[in-house]
*Asks:* 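Okay, here's the structure, questions in a sec.
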Amino acid sequence: MRYLTGLQPSGQLHIGNYFGAILPAVRLQEKGEAFYFIANYHAMTTMSSPQALHDNTRGLAVDFLACGLDPKKAVFFAQSAVPEVNELAWILSTVCPMGLLERCHSYKEKMARGIAATHALFAYPALMAADILLYDSDAVPVGKDQKQHLEVTRDLAGKMNETFGQLFKLPEPVISESTAVVPGLDGQKMSKSYGNAVPIFGEEKELRKLINKKIVTDTTPLEAPKPTENSIILALYKLFASPESYDCMVRQHLAGGVGYGQFKKDLFEAYWEYFRPAREKREWLLTNPGYVDDVLTTGASRAREEASKTLTRIRRAVGLAWL
Ligand code: ADP
Ligand code: TRP
């Protein structure tokens, strides 16, 4: 079984990214062959600063490794280290009906947020399909918001197969239902674009303040029982605390006598402890940039080997290889 996923280097990672994308990917590297990459071509659809793109790409490599990606188990690389993917994206786009892309929510949602409606933003799902099909992936761990792009990928693989003969298998999305949507500080889906995110890494004092000041709570007095339904504190605490500690916090909500300030403090402590090993690994990685370079270089050459095999097969099938 081959698992593949990509993450865009478009900003600081938050705990929604961690539980929705990173942790499932890290778990799957134990179960099969894993190909994980930093989607820096994709990030160009929303970023234009070369320095930021470069720094975020490196930053994401460090953070992904810190969060448990094991380069002995997973092939880890930057998307742009395998430029062959653009050729496959072009070939796929020749069988891609306009309507298929026009229906994509992510494009419409990004335009609504004021992101420039470039051809790249529109064609983004065709590049994502190429990412997936170039490595003959069986399964793709992603968050719920990416499900439609997986449908586009399957459609394009099917159209290629109809037009040129059996070339691709149809990849399956892997969506973890338990962590499908991590709520943000305001209770909406956590997202870097909504300003409601809790970063995985950051300065202790600032993060403590963020959790203490920004989580929205009601005005129930300290002595009174507190609602457990739709509680942002409980939903986040559940991700980090042991089942016993979580049950204890639920009981404290029901009994009353404990204030939101204390619950937020408990939440912060659980979150801070949870990421302690990752923080320590990250410190090490930041002082060993040569290690990160080696991982990405090795990953890129392994990925390129695979890519060139697929592309040879495709070029032959579509009539581009004439020698
Ligand atoms: P953002 O919404 O912050 O811009 P991205 O769109 O870059 O995040 O998402 C990167 C990955 O993290 C995707 O696989 C996405 O599904 C997952 N993800 C993002 N936010 C959440 C969330 N709140 N809960 C679960 N998964 C999430
Ligand atoms: N579009 C994905 C996101 O924004 C990133 C991505 C690019 C991806 N190519 C991929 C994810 C291939 C899975 C497979 O999160």
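We count ligands from 1, going down the list as the structure has it; atoms in each ligand are counted the same way. If you're wondering where the values come from, they're calculated on a predicted model, not measured in any experiment.
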*Asks:* Are K169 and D138 close enough for a salt bridge, meaning some N to O gap below 4.0 Å?
*Replies:* yes
*Asks:* With no hydrogens and no angle check, just 3.5 Å: does a side-chain donor-acceptor pair link Y41 and N86?
*Replies:* yes
*Asks:* Which atoms of ligand 2 sit under 4.0 Å from any heavy atom of A39?
*Replies:*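 Listed by number with element: 7 (C).
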*Asks:* Please determine if R2 forms a cation-pi arrangement with Y135, meaning its NZ or CZ atom is less than 6.0 Å from the six-membered ring centre and no more than 45° off the ring axis.
*Replies:* no
*Asks:* Check ligand 1 against K189 and write out every atom of the ligand that is under 4.0 Å from a heavy-atom position of the residue.
*Replies:*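 Numbered from 1, ligand 1 contributes 2 (O), 19 (C), 20 (N), 21 (C), 23 (N).
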*Asks:* For ligand 1, note which part of Q8 has a heavy atom under 4.0 Å away: side chain, backbone, both or neither.
*Replies:* neither
*Asks:* Are any of the N/O atoms in S10 less than 3.5 Å from those in ligand 1?
*Replies:*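 Looking only at distances, the answer is no, because the N/O contact criterion of under 3.5 Å is not met.
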*Asks:* Quick one: look at L127 and ligand 2, take heavy-atom pairs under 4.0 Å, and tell me if it's side chain, backbone, both or neither.
*Replies:* neither
*Asks:* Which of the numbered atoms in ligand 1 are under 4.0 angstrom from any heavy atom belonging to K192?
*Replies:*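 Once the distances to K192 are compared, the set is 1 (P), 3 (O), 4 (O), 5 (P), 7 (O), 8 (O).
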*Asks:* Please work out, at 4.0 Å between heavy atoms, whether the side chain, the backbone, both, or neither of T5 comes within that distance of ligand 1.
*Replies:*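 No part of T5 comes within reach of ligand 1.
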*Asks:* Give the atoms of ligand 1, by number and element, whose distance to some non-hydrogen atom of M190 is under 4.0 Å.
*Replies:*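 Listed by number with element, the hits are 20 (N), 21 (C), 22 (C), 23 (N).
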*Asks:* Only heavy atoms of L4, strictly under 4.0 Å: list the atoms of ligand 2 that pass.
*Replies:* 12 (C), 14 (C)
*Asks:* Which of the numbered atoms in ligand 2 are below 4.0 angstrom from a heavy atom of Q8?
*Replies:*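 That gives atoms 3 (C), 4 (O) of ligand 2.
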*Asks:* Is it the case that over 12 heavy atoms from other parts of the model lie below 6.0 angstrom from the NZ atom of K265?
*Replies:*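 Incorrect, the count does not exceed 12.
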*Asks:* Are any of the side-chain nitrogens in E206 or K209 under 4.0 Å away from the carboxylate oxygens of its partner?
*Replies:* no
*Asks:* Let me see the working for E109 and K189 under salt bridge (charged side-chain N to carboxylate O under 4.0 Å, His left out), right down to the final yes or no.
*Replies:* CA-CA 14 Å; E109 188 254 324; K189 171 192 177 284; over 6 Å; no
*Asks:* Against heavy atoms of V140, which atoms of ligand 2 measure under 4.0 Å?
*Replies:* 13 (C), 14 (C)
*Asks:* Does atom CE (M47) have a neighbourhood of more than 12 heavy atoms from anything else shown, all under 6.0 Å?
*Replies:* yes
*Asks:* Should you measure from each heavy atom of D131, which atoms of ligand 2 turn up under 4.0 Å away?
*Replies:* 7 (C), 9 (N), 10 (C), 12 (C)
*Asks:* Test your reading of the structure: does Y124 have an N or O sitting under 3.5 Å from an N or O of ligand 2?
*Replies:* yes
*Asks:* One thing to verify: whether E102 and K108 come together as a salt bridge, which I'm taking to mean a side-chain N less than 4.0 angstrom from a carboxylate O.
*Replies:* no
*Asks:* What atoms of ligand 1 come within less than 4.0 Å of a heavy atom belonging to L7?
*Replies:* 10 (C), 11 (C)
*Asks:* Evaluate Q146 for polar contact with ligand 1, using N/O atom pairs at a separation under 3.5 Å.
*Replies:* no
*Asks:* Nearest protein heavy-atom contact for atom 2 (C) of ligand 2: which residue, which atom, what distance?
*Replies:* Q146 OE1, 3.4 Å
*Asks:* Tell me whether the count of non-hydrogen atoms from other residues, nucleotides or ligands lying under 6.0 Å of CZ in R316 goes above 12.
*Replies:*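 Counting other residues, nucleotides and ligands, CZ of R316 stays at 12 neighbours or fewer.
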*Asks:* As a quick check of understanding, evaluate salt bridge (charged side-chain N to carboxylate O under 4.0 Å, His left out) for E269 and R208, giving each step before the final call.
*Replies:* CA-CA 9 Å; E269 300 303 336; R208 191 184 284 277; 3.1 Å; yes
*Asks:* What part of Q79 sits under 4.0 Å from ligand 2 if we count only heavy atoms: the side chain, the backbone, both or neither?
*Replies:*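 It is neither; nothing of Q79 touches ligand 2.
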*Asks:* Where's the contact between F37 and ligand 2, heavy-atom distance under 4.0 Å: side chain, backbone, both or neither?
*Replies:*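 Contact part for F37 vs ligand 2: side chain (C-beta onward).
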*Asks:* Above 12 or not: heavy atoms from other molecules or residues under 6.0 Å from NZ of K281?
*Replies:*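 Enclosed.
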*Asks:* Specify side chain, backbone, both or neither for V181, according to which of its non-hydrogen atoms lie closer than 4.0 Å to ligand 1.
*Replies:*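 It is the backbone that touches ligand 1; the side chain stays farther off.
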*Asks:* Any N or O on A21 sitting closer than 3.5 Å to an N or O of ligand 1?
*Replies:*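 N/O-N/O distance below 3.5 Å does not exist for this pair.
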*Asks:* Under 4.0 Å from any heavy atom of T5, which atoms of ligand 2 are there?
*Replies:* 11 (C), 13 (C)
*Asks:* Taking 4.0 angstrom as the limit and counting only heavy atoms of I132, give me the atoms of ligand 2 inside it, by number and element.
*Replies:* 12 (C), 14 (C)
*Asks:* Around atom CZ of R27, are there more than 12 heavy atoms from other residues, nucleotides or ligands closer than 6.0 Å?
*Replies:*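 It does not: R27 CZ has 12 such atoms or fewer within range.
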*Asks:* Which is closest to atom 26 (N) of ligand 1 by heavy-atom distance: G143, A43, G16?
*Replies:*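 Going through G143, A43, G16 one by one, G16 has the nearest heavy atom to atom 26 (N) of ligand 1.
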*Asks:* Please write down residue, atom name and distance for the protein heavy atom closest to atom 6 (C) of ligand 2.
*Replies:* G6 O, 3.7 Å
*Asks:* Does a salt bridge link K309 with E306, judged by any charged N lying under 4.0 Å from a carboxylate O?
*Replies:*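 Looking at E306 together with K309, the answer is yes, because their closest N to O distance falls below 4.0 Å.
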*Asks:* Look at atom CG of N230 and say whether more than 12 heavy atoms of other residues, nucleotides or ligands are closer to it than 6.0 Å.
*Replies:*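 Counting other residues, nucleotides and ligands, CG of N230 stays at 12 neighbours or fewer.
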